[in-house]
Trainee: 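My questions all concern the structure below.
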Amino acid sequence: MSQINIAIFGIGNVGSTLIKQIAEYNKKTTSNTLNVFAIANSKLVLFENNATGGWSANFETKSTSYTLEDVYAFAKANSYKNLLAVDVTASSEFVTNYIDLVEHGFHIVTANKIANTLTYDFYQELRDILEVNQKKFLYETNVGAGLPIIETIKNLYESGEEIHKIRGVFSGSLSYLFNTFSEEEKSFSEILKEADALGLTEPDAREDLSGKDVARKLLILGREVGLTKEFKDVKIQSLVPAALNGKTTLSQFRESVKTLDPFFAESKSKLGSGEVLRHVGELNLKTSKLEVKLVQESKTTALGQTKGADAIFEIYTKSYGDQPLVIQGAGAGKAVTARGVLGDILKIATSLN
Ligand SMILES: NC(=O)C1=CN([C@@H]2O[C@H](COP(=O)(O)OP(=O)(O)OC[C@H]3O[C@@H](n4cnc5c(N)ncnc54)[C@H](O)[C@@H]3O)[C@@H](O)[C@H]2O)C=CC1
Ligand SMILES: N[C@@H](CC=O)C(=O)O
């Protein structure tokens, strides 16, 4: 495998776990195939050849403010080939750099769903520029964290399979919230705080609760199978009261999170015996409808039986008939997501041989 030279943007839950996993990978393979040369948050960067060992202490003492030009200059000064940028931010600003990164010779791996859910024009422009520059763009963790969803859907679609519908619990965060809330005598806000502390929610949990995060996943899958839909085309049931959205800051939302409790307590009280609350996404390719909603689900169904932060995707196709292809497993969490990002990095490294 050729050496690949990596700049990592975002050192939160997923980013810092990824750096650890890359260090372990290099140790195990003793090849230093994956050379992380830049580790950055939104303001500071640490430049160092094979930066993963002791990176956190080095970041404290040696990081400097930067622009992308500094990253390009460092790569050039070291004559690095096979450049790769990893976006493990949730930033809508950072994605505006993708085209510039590609034009400066970088492949891109991203866990950030924003770039794939901007306008369809941008989606297409990015792909055109990737093609002209012969660069790769992988984003398996955009849907289902470490689960192999995008690759599976892509393979089915490209092999000519007729996909009718994809339905499921698309959000590991919301799965954890509703699995726990349906079974335990805790308030919704208490469980939300636990999920946040475990790194299971988006940096701003309103992205999950508003249904936007799931809507992005539906749109990403829809575009994989040829739909040219926009984000506004997804019908979304938001679970965030209007008063806590809009102009409320994240810290104001966190302080007022208890105001969510009455709505969820009422929804729980309406459940019939043997029913649970589930947050469901549905992409219907026969009608081209994309929808996100909270439903009462029987505990006996596959969706009703999810546990922990499991996501579950039922893929209905012509060949699979009435028995969908089902992919299930942790749909959120820093370790599984970082592993999925590392998988994408290795796919690119392998393809460069
Ligand atoms: N946590 C999870 O289970 C999953 C997360 N993801 C995605 O992975 C991404 C990261 O998630 P987390 O690590 O949980 O979030 P996080 O909030 O823990 O980390 C994000 C980091 O990005 C940094 N950042 C923000 N803007 C930046 C910029 N312009 N340049 C460089 N760094 C910047 C922030 O300072 C923060 O440290 C998100 O896009 C999320 O949707 C995807 C699948 C699952
Ligand atoms: N909030 C997301 C985390 C990963 O994308 C989810 O719940 O799936």
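The first residue in the sequence is number 1, and the count goes up from there. Each ligand, and each atom within it, is numbered from 1 in the order the structure gives. Here the structure is a predicted model, which is why all the values come from computation and not from measurement.
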Trainee: Is the shortest side-chain N to carboxylate O distance from E266 to K270 below 4.0 Å?
Mentor: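 Result for this pair is yes, salt bridge flagged.
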Trainee: Where the closest heavy atom to atom 44 (C) of ligand 1 is concerned, which of D204, L68, T337, T110 has it?
Mentor: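 Nearest option to atom 44 (C) of ligand 1, by heavy atoms: T337.
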Trainee: If only atom types and distance count, is the side chain of N116 paired as donor or acceptor with the main-chain N or O of K113 below 3.5 Å?
Mentor: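 A pair under 3.5 Å: no.
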Trainee: Considering heavy atoms of the protein only, find what lies nearest to atom 8 (O) of ligand 2 and give residue, atom and distance to 0.1 Å.
Mentor: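 Looking only at protein heavy atoms, the one closest to atom 8 (O) of ligand 2 is K217 NZ, 2.3 Å.
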Trainee: Taking atom types as modelled, is there a side-chain donor on D208 or T201 under 3.5 Å from an acceptor on the other?
Mentor: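 There is no such pair between these side chains.
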Trainee: Please check whether G333 reaches ligand 1 - meaning an N/O of the residue sits under 3.5 Å from an N/O of the ligand, judged on distance alone.
Mentor: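 So ligand 1 has an N or O lying under 3.5 Å from an N or O of G333.
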Trainee: For ligand 1, which part of E202 has a heavy atom less than 4.0 Å away: the side chain, the backbone, both, or neither?
Mentor: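 E202 to ligand 1: side-chain contact only, backbone stays beyond 4.0 Å.
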Trainee: Could you tell me the residue and atom name of the protein heavy atom closest to atom 3 (C) of ligand 2, and the distance to it rounded to 0.1 Å?
Mentor: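 For atom 3 (C) of ligand 2, the nearest protein heavy atom is E202 OE2, 3.3 Å.
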Trainee: Please determine if N142 has a nitrogen or oxygen closer than 3.5 Å to a nitrogen or oxygen of ligand 2.
Mentor: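 Not met; the criterion fails.
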Trainee: Tell me yes or no: between the side chains of D128 and Q124, is some donor less than 3.5 Å from an acceptor?
Mentor: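 Note: D128 and Q124 side chains meet the donor-acceptor criterion.
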Trainee: Is it the side chain (CB and beyond), the backbone, both or neither of A111 that lies under 4.0 Å from ligand 1, heavy atoms counted?
Mentor: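 A111 to ligand 1: contacts from backbone and side chain alike.
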Trainee: Could you list which atoms of ligand 2 come closer than 4.0 Å to a heavy atom of S171?
Mentor: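 Contacts of ligand 2 toward S171, numbered from 1: 6 (C), 7 (O), 8 (O).
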Trainee: When you measure from atom 17 (O) of ligand 1 to every protein heavy atom, which one gives the shortest distance, and what is it?
Mentor: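 The closest one turns out to be P203 CG, 3.1 Å.
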Trainee: Nearest protein heavy-atom contact for atom 23 (C) of ligand 1: which residue, which atom, what distance?
Mentor: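 Protein heavy atom with the smallest distance to atom 23 (C) of ligand 1: G10 CA, 4.0 Å.
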Trainee: Measure up the F264 and F178 rings against each other and bin them: parallel (under 30°), tilted (30 to 60°), perpendicular (over 60°).
Mentor: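 Plane angle between 30° and 60°, so tilted.
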Trainee: For atom 5 (O) of ligand 2, what is the nearest protein heavy atom, given as residue, atom name and distance?
Mentor: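 Protein heavy atom with the smallest distance to atom 5 (O) of ligand 2: K113 NZ, 2.8 Å.
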Trainee: Applying a heavy-atom cut-off of 4.0 Å, say which part of T89 lies close to ligand 1: side chain, backbone, both or neither.
Mentor: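 For T89, backbone and side-chain atoms both sit under 4.0 Å from ligand 1.
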Trainee: Would you say L174 has any N or O atom under 3.5 Å from an N or O of ligand 2, going by distance alone?
Mentor: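 Between L174 and ligand 2, no N or O pair is found under 3.5 Å apart.
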Trainee: Pull out every atom of ligand 2 sitting under 4.0 Å from any heavy atom of D208, numbered as shown with elements.
Mentor: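 Ligand 2 atoms under the 4.0 Å threshold to D208: 1 (N), 2 (C), 7 (O).
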Trainee: Please state which protein non-hydrogen atom is closest to atom 26 (N) of ligand 1 and give its distance, to 0.1 Å?
Mentor: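 Answer for atom 26 (N) of ligand 1: S91 CB, 3.6 Å.
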Trainee: What protein heavy atom sits nearest atom 10 (C) of ligand 1, and how far away is it?
Mentor: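 Protein heavy atom with the smallest distance to atom 10 (C) of ligand 1: V88 O, 3.3 Å.
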Trainee: Counting only N and O atoms by type, is there a donor-acceptor contact under 3.5 Å from the side chain of R223 to the main-chain atoms of K229?
Mentor: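 Pair found, side chain donor or acceptor close to backbone of K229.
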Trainee: Of the choices G12, G199, A145, which has the non-hydrogen atom that lies closest to atom 36 (C) of ligand 1?
Mentor: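 Selected option, by shortest heavy-atom distance: G12.
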Trainee: Taking NZ, NE, NH1 and NH2 as the nitrogens, is one of them in R216 or E202 under 4.0 Å from a carboxylate oxygen of the other?
Mentor: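 Answer for the salt bridge query: no.
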Trainee: I want to know if ligand 1 touches K334 in the polar sense, i.e. an N/O pair below 3.5 angstrom.
Mentor: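 No, K334 has no N/O under 3.5 Å of an N/O on ligand 1.
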Trainee: Can G172 be said to touch ligand 2, with heavy atoms closer than 4.0 Å?
Mentor: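 Judged by the 4.0 Å heavy-atom criterion, G172 does count as contacting ligand 2.
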Trainee: Quick check, are the ring centers of Y72 and Y80 under 6.0 angstrom apart?
Mentor: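 Ring centres of Y80 and Y72 not closer than 6.0 Å.
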Trainee: Before accepting this row, confirm whether a basic side-chain N of the pair K268/E183 lies closer than 4.0 Å to the acidic partner's carboxylate O.
Mentor: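 E183 and K268: not salt-bridged.
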Trainee: Which protein non-hydrogen atom lies closest to atom 11 (O) of ligand 1, naming both residue and atom, and how far is it?
Mentor: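 Residue, atom and distance for the closest contact: V14 CG2, 3.9 Å.
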Trainee: If you have a sec, work out which protein heavy atom is nearest atom 7 (O) of ligand 2 and how many Å separate them, to one decimal?
Mentor: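 Checked against all protein heavy atoms, atom 7 (O) of ligand 2 sits closest to S173 OG, 2.5 Å.
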Trainee: Quick one: look at N13 and ligand 1, take heavy-atom pairs under 4.0 Å, and tell me if it's side chain, backbone, both or neither.
Mentor: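 Contact part for N13 vs ligand 1: both backbone and side chain.
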Trainee: Going by atom types alone, do S319 and T317 pair a side-chain donor with an acceptor below 3.5 Å?
Mentor: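 On atom types as modelled, these side chains do not qualify, holding no pair under 3.5 Å.
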Trainee: State whether the side chain of N97 and the backbone N or O of F94 hold a donor-acceptor pair below 3.5 Å, judged by distance alone.
Mentor: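 Confirmed, N97 side chain pairs with F94 backbone.
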Trainee: Tell me whether the rings of Y139 and F137 are parallel (<30°), tilted (30 to 60°) or perpendicular (>60°).
Mentor: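 Plane angle between 30° and 60°, so tilted.
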Trainee: So which protein heavy atom does atom 30 (N) of ligand 1 come closest to, and at what separation?
Mentor: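 Going atom by atom, the protein heavy atom closest to atom 30 (N) of ligand 1 ends up being S42 CA, 3.5 Å.
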Trainee: Any idea which protein heavy atom is nearest atom 35 (O) of ligand 1, and the distance to it?
Mentor: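 For this ligand atom, the closest protein heavy atom is N41 CB, 4.5 Å.
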